[in-house]
Amino acid sequence: SSAAMILLASIKVEVSTNWASTTDWRGLRVLELGSGCGLVALALACRGANVVATERAIALPLLEKNVEANAALVERRGGILSSAALDWTAPDPQVLGRGYDAVVGADLCFAANAEGAAALAQVVGDVLGRGTSFGILAQEIRERDSTPATFLADLRRRGVRTHERAIPGASDVVFYELSPRTSLPH
């Protein structure tokens, strides 16, 4: 997807103004949601992150194949890459509860998956609520699709702060930085 390519490019760029490129990923524990073939997870692992790439069980074989095929590269680059099945509507607590520093995803919300967007918001909110420091989502903008806006509103209701950033040269993709809402003093 366009969003995955933009997120991938922002991870690889050495000097930029977005979190994905300025973050030192070495040693960070990262959960990628909706990994597809694993391209973003692979890029993060090659930057030294310990990445758990997740996908629905039906799509997991391709992801597992790509993780295995790139194991030597990831090891040479100092990262760790593994995969796990994750159904957002019935998430596996063992996958979500591993203790992550970051959660990432690309192009996760679209009209054909509108029902999954509410479950995704719950998963992201839960992961950020367990001590995960930040999240980065890249989303392709499609005409007449309110799913991403509904998803973001759902995240905010769950206590997630969202910050939208435009990507220079990519007018059809929006980059969201996510963080847990800090508690107000009592």
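All figures in this text were calculated on a predicted structure; none of them were measured in a lab.
- Note: T54 OG1 to E32 CD = 7.0 Å, rounded to the nearest 0.5 Å.
- Between R158 and D154 there is a salt bridge, with a side-chain nitrogen of the basic residue lying less than 4.0 Å from a carboxylate oxygen of the acidic one.
- Under the 3.5 Å distance criterion, the side-chain polar atoms of D101 are matched with a main-chain donor or acceptor of R29.
- Of all heavy-atom pairs spanning L137 and L108, the tightest one is CD2-CD1, 4.1 Å.
- Contact check for E55 versus S83: no side-chain heavy atoms found under the 4.5 Å cut-off.
- The minimum heavy-atom distance linking C46 with R77 is given by the pair O-CB, 3.4 Å.
- For the residue pair A41 and L81, the shortest heavy atom distance occurs at CB-CD1, 3.7 Å.
- Note: R156 CZ to R161 CZ = 12.0 Å, rounded to the nearest 0.5 Å.
- Closest non-hydrogen pair, V74 versus I80, comes out as CG1-N, 3.7 Å.
- Interatomic distance, CD of Q122 versus CH2 of W88, reported as 13.5 Å (0.5 Å rounding).
- Within the 4.5 Å cutoff, the side chain of T162 has no heavy atoms near those of the F151 side chain.
- The line from OG of S82 to CD of E68 is 13.5 Å long, rounded to the nearest 0.5 Å.
- Clustering ILVMFWY residues whenever any of their side-chain heavy atoms sit less than 4.5 angstrom apart, transitively, puts V95 in the very cluster that holds L120.
- Residues V51 and W25 form no side-chain contact, since every pair of their non-hydrogen atoms from C-beta on lies 4.5 Å or further apart.
- Interatomic distance, CD1 of I141 versus CD of Q139, reported as 6.0 Å (0.5 Å rounding).
- Taking hydrophobic clusters as Ile, Leu, Val, Met, Phe, Trp and Tyr residues chained together by side-chain heavy-atom distances below 4.5 Å, L62 does not share a cluster with L39.
- Closest heavy-atom contact between D24 and R26: OD2-NH2, 2.6 Å.
- Residues L96 and L31 form a side-chain contact, since some pair of their non-hydrogen atoms from C-beta on lies under 4.5 Å apart.
- A117 and T147 get closest at one heavy-atom pair: CB-CG2, 3.8 Å.
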**Asked** Stepwise, does the side-chain contact (heavy atoms from CB on, under 4.5 Å) test hold for N66 with L42?
**Response** CA-CA 9 Å; N66 289 336; L42 177 61; over 6 Å; no
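- One distance of note links CG of N50 with CG of L44; it measures 11.0 Å at 0.5 Å rounding.
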